[in-house]
Amino acid sequence: MKNNERIIESLLFLSAITALVIVSMILIFLLKEGGPFLLRTGISDFILGMKWNPDPVAGEPAYGIFPMIVGSVYIATGSLIFAVPLGVSCAVFLVEVAPIWVQSVIRRGIELLVGIPSVVLGFFGLVLLVPLIREYFGGYGFSILAGSIILGIMALPHIISISADAIAAVPNAHKEASYALGATRWHTIWNVTLPSAKSGIIAAVILGMGNSIGETMAVLMVAGNSTVLPEPIIDVLDPVMTMTANIVIGMNYATGEYQEALFATGIILFLMIVILNGISYHMLRSGKIIQ
Amino acid sequence: MINIAGHHRILSHDTINKIATLILWASAAVTISFLVYIIGFIIIKGIGVINISFLLESPRMSGAEGGIFNAIVGTLCLVAIAIITAVPIGVGAAIFLIEYATDNPVTRMITFGVECLAGIPSIVIGLFGYAFLVVYLGLGFSILSGGLSLMFMILPWTVRASEEAIKTVPMELKEGSLALGATKWQTIVQIVLPEALPGITTGVILGTGKAIGETAVIMYTAGSSLLLPHSISDPVRALPYHLYILVSEGISEDMAYGSAVVLLVMILIINVMAIGIQKMCNRRRK
Amino acid sequence: MLENETIEIESIDINLWYDDIQALKDISIKLPKNKVTAIIGPSGCGKSTFLRCINRMNDLIKTCRVTGELLCGSTDIYGKDIDVITLRKRIGMVFQKPNPFPMSIYDNIAYGPRIHNNLNKNGLNDLVEESLRSAALWDEVKDKLNKSAFSLSGGQQQRLCIARTLAVKPEVILFDEPCSALDPISTTRIEDLIGKLKKDYTIIIVTHNMQQAARASDYTAFFLLGEMIEFGKTKHIFEKPKQKSTEDYITGRFG
Ligand SMILES: Nc1ncnc2c1ncn2[C@@H]1O[C@H](COP(=O)(O)OP(=O)(O)O)[C@@H](O)[C@H]1O
Ligand SMILES: [Mg+2]
């Protein structure tokens with residue numbers, strides 16, 4: 001009996017460390033495949049290099065992913081500019097204002113929105129949003145703007161649910177104290193609830209940033225995948241290539257050093273996301289929004 | 001006399017409150033209308049393509065003609081492998097974390113591992129699946145490689161959903177069982193898991209939804225073969241990847257709409273199932 | 001005072017901490033066999049904590065640390081080679097809030113026996129009936145054994161929990177305020193039941209209802225702030241307590 005319990009506990013422990021083992025192996029394999037290349041090329045040359053031409057017809061290949069880092073950050077930021085105000089007000093609405101039945105409609109809606117496959121969203125962007133942008137704003141249509149909007153829609157449900165948790169975690173006593181002083185609902189939300197939920201909302205934003213940088217298929221289908229920087233740099237109607245899109249497109253035919261360069265891109269991506277998620281996780285934890 | 005009418009301002013508190021409330025309602029309406037619009041648009045454009053032969057015929061000419069049967073089979077095989085492997089590991093991990101683990105550095109590392117894995121972009125998991133499963137272990141482009149890579153992706157979700165479900169089992173029930181001299185494991189199997197089952201199932205179903213729609217993970221692990229598989233070491237093309245190829249290679253927009261509708265309907269069914277189970281167990285609790 | 005009694009459980013200098021807060025201080029007490037011992041005292045004085053020491057339910061609380069000896073016969077409950085499973089089988093527990101399992105009435109009673117012994121179907125049926133009869137519940141539930149335990153009233157649920165405990169045939173039963181969530185009529189029935197059960201079991205009951213302690217118990221221990229202030233025959237404790245604080249508590253001057 002005692003022995004059985006012990007065996008079971010060890011099996012459960014093994015299941016529990018699986019995720020950690022996988023993460024470590026991901027890191028090991030990325031480093032194994034991309035590490036030597038990274039050292040050879042030089043990390044700063046790789047990250048700050050302006051030119052990406054891994055498969056030149058003639059001459060030396062160039063492996064600089066700076067335009068893609070810019071592209072990823074650009075689109076992720078754009079998606080947040082779009083999703084954060086909308087998502088946070090939706091979260092406030094959900095927790096503080098919505099009647100019960102509306103709440104459940106929105107919660108169901110959020111679950112469904114999370115479920116829409118990113119290829120389907122990308123496809124939607126491709127057939128509807130890109131032509132719209134081309135028609136009304138000019139340019140190529142495939143653009144930072146299109147990527148930001150589609151990624152913003154993808155980020156919305158996550159922003160809403162984490163912010164809603166943060167808002168719901170604000171003690172009722174604080175709000176009641178404000179109401180008892182004769183404040184209106186909005187006054188209470190703006191001056192009491194939102195400031196108290198601030199760290200949770202910021203965590204949601206950082207997490208959303210990580211998700212958007214990591215998103216692949218949808219952005220691949222609408223962002224235009226140009227390996228040069230937008231010209232001028234603030235032109236949101238220009239196409240860009242994200243790091244994720246770079247990997248997907250490259251893996252189709254990359255071999256040798258080119259493939260190593262893609263794994264190196266994966267390393268950079270991995271590090272960026274782990275750092276962003278680590279910050280957000282830490283904030284949520286210290287803010288007692290998750291245990 | 002007390003003046004309860006308040007000060008006169010251009011915008012009284014009351015007006016600001018009303019405007020703000022309106023904006024809040026509007027933001028929710030906008031969010032929901034995105035959802036309805038996207039789903040509605042795809043379904044209206046694609047519903048005409050859907051018929052029995054579209055669902056049950058093999059693709060011909062790279063998918064420009066025929067149906068999407070093989071891609072549906074591919075998706076189902078991959079998702080099946082992912083779920084079959086993710087559920088025992090995920091539920092086991094959750095049981096460990098909630099019922100056995102004490103708060104120490106090892107436990108914190110484990111939780112951090114789960115959180116980390118949840119954040120890793122799917123294309124990076126795909127790269128890893130390619131390097132480790134396809135090349136290093138020599139599993140090749142196959143259902144097994146693709147399914148296991150998908151498992152890496154949904155594992156953290158399974159752990160979290162199971163943790164949430166197990167946490168809700170009241171302490172009193174566990175104490176009741178332990179006080180009768182049941183062992184910890186007997187208590188878990190006979191009391192905790194049955195109580196947590198609806199929650200775990202809901203989590204697994206939503207995880208299935210994620211796996212169905214995932215593309216980047218399986219592109220370079222499951223292959224893109226349009227032939228029907230005979231074993232788990234055969235390559236397959238999953239439906240979302242098929243959709244991507246139809247679009248990106250400009251094969252057929254109609255077929256792409258049809259595939260998108262099928263994907264959306266699968267997701268809708270998954271969500272309805274999840275809601276159904278939640279409703280069912282809410283009723284049982286009463 | 002305990003001259004004519006056999007001692008079932010003896011605690012010697014039990015100290016207990018939750019993290020670094022001491023909840024029990026040097027508790028030494030002898031609990032007599034086949035008698036009802038009541039533990040009384042104001043809320044938070046450590047009654048439940050002490051009770052949960054006896055069948056080591058405190059093991060579940062990760063911050064909890066115990067020193068001292070707790071003897072059952074001549075074995076130390078906190079000894080190294082003690083199997084808590086066997087211990088809890090011998091020392092059963094009924095909780096403050098009725099906690100039936102989300103199963104049928106029958107399965108609730110059969111839960112313990114199914115874990116501990118291999119009874120055949122008839123044996124199990126007999127044991128279920130016997131346990132329900134001992135808990136004075138049989139007549140009320142004999143026609144609906146397959147119904148969910150939640151279909152019973154609160155008082156019935158608590159008697160079901162008692163029957164569930166009886167079914168594993170313990171020697172000692174610990175009751176932690178078993179009536180505090182029940183109406184007065186159910187309370188009386190459970191007190192009557194406890195009176196009958198002491199013929200076969202050693203019973204320790206925590207209560208903050210003084211009338212209950214006076215009515216149902218043979219011995220009473222008074223706890224205050226983690227210490228045992230006084231222990232004696234119930235009659236003596238209630239009629240002429242030796243300690244001033246016991247008297248204050250019993251006469252309702254605090255708590
Ligand atoms: N799990 C626990 N963790 C920390 N402190 C506890 C725990 N359980 C009880 N305590 C503390 O121990 C003291 C005694 O509690 P308890 O035994 O429940 O009292 P009683 O049953 O007499 O009301 C109280 O101060 C209580 O706050
Ligand atoms: Mg108590």
Side-chain angles (χ1 to χ4, degrees), chain A residues 1 5 8-9 11-13 15-20 22-23 25-26 29-30 33 86 89-90 92-94 97-98 102 105-106 108-109 111-113 115-121 123-124 126 128 153 156 184-187 210 214 216-217 221 244 247-248 251 263 266 269-270 273-274 277 281, chain B residues 13-14 16-17 20-21 23-25 27-28 30-32 34-35 38 41-42 89 92-93 95-97 100 109-110 113-117 119-125 127-128 131-132 152 155-156 159 183-185 209 212-213 215-216 219-220 240 243-244 247 256 260 263-264 267 270-271 275:
Chain A
M1 195 68 116
E5 292 277 318
I8 287 165
E9 188 170 343
L11 285 176
L12 294 174
F13 178 73
S15 326
I17 58 167
T18 308
L20 189 61
I22 295 172
V23 173
M25 295 204 12
I26 290 177
F29 269 83
L30 287 180
E33 303 289 326
L86 190 56
S89 46
C90 215
V92 171
F93 175 77
L94 191 64
V97 181
V102 181
V105 169
I106 294 179
R108 298 274 143 78
E111 267 173 27
L112 197 53
L113 199 51
I116 296 184
S118 72
V119 253
V120 173
L121 267 176
F123 179 54
F124 171 82
L126 184 95
L128 192 85
I153 294 177
L156 254 183
T184 60
R185 180 158 69 190
W186 174 247
H187 196 266
T216 311
M217 298 313 289
M221 292 165 82
T244 52
I247 297 174
V248 169
M251 280 299 284
F263 275 90
L269 195 55
F270 179 96
I273 303 250
V274 167
N277 284 6
Y281 180 63
Chain B
H13 282 306
D14 192 41
I16 295 176
N17 189 41
T21 310
I23 292 176
L24 292 179
W25 273 92
S27 67
V30 168
T31 304
I32 294 298
F34 277 140
L35 177 72
I38 293 167
F41 180 84
I42 301 268
I89 299 177
I95 293 174
F96 182 84
L97 287 172
Y100 288 84
M109 279 295 281
I110 291 176
V114 174
E115 294 304 320
C116 237
L117 189 54
I120 291 181
S122 46
I123 185 62
V124 172
I125 293 184
L127 275 183
F128 167 66
F132 177 56
F152 301 157
L155 181 62
V159 178
T183 63
K184 202 166 191 170
W185 181 242
I212 287 178
T215 315
M219 278 178 137
Y220 301 115
L243 166 57
Y244 173 70
V247 177
L263 275 172
L264 280 181
I267 301 297
I270 293 272
N271 273 268
I275 294 170

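FYI, side chains are in, hydrogens and waters are out, and symmetry mates aren't considered; it's all heavy atoms of this structure. Reminder, nothing fancy here: chain letters follow the sequence lines and each chain counts from 1.
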Does [X] reach the side chain of [Y], with side-chain heavy atoms less than 4.5 Å apart?
| X | Y | answer |
| --- | --- | --- |
| L30(A) | F128(B) | no |
| I267(B) | P117(A) | yes |
| V97(A) | T21(B) | yes |
| F96(B) | L11(A) | no |
| M109(B) | L20(A) | yes |
| I153(A) | I38(B) | yes |
| I110(B) | F13(A) | yes |
| W186(A) | I23(B) | no |

By a 4.5 Å heavy-atom criterion (distance strictly below it), what part of [X] contacts chain A: side chain, backbone, both, or neither?
| X | result |
| --- | --- |
| V114(B) | both |
| L263(B) | side chain |
| L127(B) | both |
| P240(B) | both |
| F132(B) | both |
| N271(B) | side chain |

ask   = For V23(A), what residues pass the side chain to side chain contact (heavy atoms under 4.5 Å, CB included) criterion, not counting sequence neighbours?
value = F270(A), C116(B), L117(B), I120(B)

message = Once rounded to the nearest 0.5 Å, what's the spacing between atom CD1 of I8(A) and atom CD1 of I95(B)?
response = 10.0 Å

key: Heavy-atom pairs under 4.5 Å with chain A, option from G209(B), P156(B), A131(B), S122(B) with the top count   = A131(B)

Go through the atoms of [X] and report whether side chain, backbone, both or neither lie under 4.5 Å from a heavy atom of chain B.
| X | answer |
| --- | --- |
| E111(A) | both |
| L121(A) | side chain |
| L126(A) | side chain |
| M251(A) | both |
| V274(A) | side chain |

task = Spell out, as yes or no, whether a donor-acceptor pair under 3.5 Å connects the side chain of Y244(B) to the backbone of F123(A).
result = no

request  = Taking side chain to side chain donor-acceptor pair (under 3.5 Å) as the test, write out the residues that go with T216(A), two or more places apart.
outcome  = none

